[in-house]
There are 2 protein chains.
Amino acid sequence: MKTFIREKRNEKNMTQEELSKVLKVSRQTIISLEKGKYKPSLILAHKLAQLFDCSIEDLFIFEGDENLE
Amino acid sequence: MKTFIREKRNEKNMTQEELSKVLKVSRQTIISLEKGKYKPSLILAHKLAQLFDCSIEDLFIFEGDENLE
DNA sequence: GCTTTACGTAAAGTTAACTTTACTATAAAA
DNA sequence: TTTTATAGTAAAGTTAACTTTACGTAAAGC
């Protein structure tokens, strides 16, 4: 799965820390998501998409047949 | 969060067991999602939306300010 | 009656999403 | 040169998504 979190964040000129505060998650969570260390929960994915004014499917690119976890 | 999993499944005339097999999850997972016992992972939400030919946002209705978990 | 089908509950286990804290690196700015 | 801002790693803990197994129930068909 690919994500455009970093690109969208940069477009908004936000730091990881600012983003984490808006979303009410830890800065570690943002770092890990941007680096692809794990996948966001559905709720967090939704909040990110809302903030970046796009759909979840626009923010995350799902590549065929991924495992659930 | 609300979900239309059950409605979409019925539209397709699928049983919970059939759906679970297509998605490669347990039947328990389908039951629990339909009953709102917990929220699907992003990947599972995506697979459900794909199967039902709709977007994640169409399949799940997010209500203001939900907690992450 | 008995069997099958579909849906449901309960409980115990695994794993990964997320937190918290502490520490490192680097570039810019004072 | 020292400080500040931003991004990063590491490690240990909590919680919830998901699994597995076993059992319960009600309707439909034989």
Side-chain angles (χ1 to χ4, degrees):
Chain A
M1 195 189 74
K2 284 183 184 169
T3 179
F4 296 114
I5 295 175
R6 172 160 307 192
E7 289 83 346
K8 298 274 190 182
R9 176 174 64 82
N10 285 332
E11 282 171 20
K12 285 210 161 227
N13 288 312
M14 296 179 80
T15 67
Q16 292 176 333
E17 191 164 16
E18 285 167 351
L19 181 56
S20 74
K21 282 181 179 160
V22 170
L23 298 172
K24 294 176 186 160
V25 295
S26 69
R27 189 170 60 92
Q28 265 319 302
T29 295
I30 304 300
I31 291 172
S32 299
L33 291 178
E34 287 189 355
K35 295 241 122 190
K37 293 213 171 181
Y38 56 67
K39 297 158 184 166
S41 69
L42 179 56
I43 299 300
L44 183 50
H46 171 69
K47 287 185 178 178
L48 281 159
Q50 252 191 339
L51 180 64
F52 294 142
D53 200 33
C54 65
S55 70
I56 292 177
E57 281 91 347
D58 282 341
L59 191 52
F60 302 95
I61 306 299
F62 302 96
E63 294 148 326
D65 236 68
E66 308 196 37
N67 292 331
L68 287 187
E69 41 217 286
Chain B
M1 195 189 74
K2 284 184 186 169
T3 178
F4 296 114
I5 296 175
R6 172 160 308 192
E7 289 83 346
K8 297 274 191 184
R9 176 175 64 80
N10 286 332
E11 281 172 23
K12 286 211 161 228
N13 288 312
M14 295 180 79
T15 68
Q16 293 175 334
E17 192 165 15
E18 285 168 350
L19 181 57
S20 74
K21 280 180 181 162
V22 170
L23 297 172
K24 292 176 188 162
V25 296
S26 70
R27 188 170 62 93
Q28 265 319 302
T29 295
I30 303 300
I31 291 173
S32 300
L33 292 178
E34 288 189 355
K35 295 242 121 188
K37 293 214 172 180
Y38 53 69
K39 298 158 184 166
S41 69
L42 180 56
I43 300 299
L44 182 50
H46 171 69
K47 287 185 177 177
L48 280 159
Q50 252 192 339
L51 180 63
F52 294 141
D53 200 33
C54 64
S55 71
I56 291 177
E57 283 90 348
D58 283 340
L59 190 52
F60 302 96
I61 306 299
F62 302 96
E63 294 149 325
D65 237 68
E66 308 195 38
N67 292 332
L68 287 188
E69 50 213 280

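It should be emphasised that the depicted structure is a prediction, and the values quoted were computed from it without experimental measurement. When reading the values below, keep in mind they use all heavy atoms of this one structure, side chains included, and skip hydrogens, waters and symmetry mates. Note on naming: letters A, B, ... go to the chains in the order of the sequence lines (proteins, then strands), and numbering restarts at 1 for each one.
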OP1 or OP2 of C:dC18 versus the side-chain N and O atoms of A:Ser41: is any pair under 4.0 Å?
yes
Show the nearest heavy-atom pair for residues B:Tyr38 and B:Gln28, with the distance to one decimal.
OH-O, 4.4 Å
Correct closest heavy-atom pair for A:Leu59 and A:Lys8 would be CD1-CG, 3.8 Å
Report yes if some heavy atom in the side chain of B:Met1 is under 4.5 Å from a heavy atom in the side chain of A:Leu42; otherwise report no.
yes
Could you state the atom-to-atom distance from CG of A:Leu44 to C1' of D:dA16 in whole Å?
15 Å
Contact between A:Lys47 and A:Val22 at the side-chain level, heavy atoms closer than 4.5 Å - yes or no?
no
Rounded interatomic separation in angstrom, taking NZ from B:Lys37 and P from C:dA11
10 Å
Compare every heavy atom of A:Ile56 with every heavy atom of A:Ala49, then report the nearest pair and how far apart it is.
CB-N, 3.7 Å
Bend angle of the helix from C:dG1-D:dC30 to C:dA30-D:dT1, from helix axes over five pairs at each end, nearest 10°:
20°
For B:Thr29 and B:Ser32, what are the C-alpha separation, side-chain angles and deciding distance, and is it a side chain to side chain donor-acceptor pair (under 3.5 Å)?
CA-CA 5 Å; B:Thr29 295; B:Ser32 300; over 6 Å; no
Quick one: salt bridge (charged side-chain N to carboxylate O under 4.0 Å, His left out) partners of B:Glu34, sequence neighbours excluded?
B:Arg6, B:Arg9
Is there a residue in residues 6-21 of chain A whose heavy atoms reach under 4.0 Å of DNA chain D, and which residues are they?
A:Arg6, A:Arg9, A:Thr15, A:Gln16
Derivation and outcome, side-chain contact (heavy atoms from CB on, under 4.5 Å), residues A:Leu19 and A:Val25
CA-CA 9 Å; A:Leu19 181 56; A:Val25 295; over 6 Å; no
NZ of A:Lys47 versus P of C:dC18: gap in Å, rounded?
10 Å
Please report, rounded to the nearest Å, how far the P atom of D:dT14 is from the OH atom of A:Tyr38.
17 Å
Partners of B:Glu7 by side chain to side chain contact (heavy atoms under 4.5 Å, CB included), sequence neighbours excluded?
B:Phe4
Are the side chains of B:Lys39 and A:Ser41 in contact, using a 4.5 Å heavy-atom criterion?
no
Could you tell me whether the side chain of B:Ile43 reaches within less than 4.5 Å of the side chain of A:Phe60, counting heavy atoms only?
no
Between C:dC18 (P) and A:Leu42 (CG): distance, integer Å:
10 Å
In the structure I gave you, are the side-chain heavy atoms of B:Leu48 and B:Leu33 within less than 4.5 Å of one another anywhere?
yes
Proximity to DNA chain D (any heavy atom under 4.0 Å), residues of residues 28-35 of chain B only
B:Gln28, B:Thr29
Could you check how far NZ of A:Lys39 sits from P of C:dA16, rounded to whole Å?
9 Å
Scan nucleotides 23-30 of chain D nucleotide by nucleotide, 5' to 3', and note B when protein non-hydrogen atoms come under 4.0 Å of the base, S if they reach only the sugar-phosphate, - if neither.
--------
Could you check if a side-chain atom of A:Leu23 sits within less than 4.5 angstrom of a side-chain atom of A:Ile30, using non-hydrogen atoms only?
yes
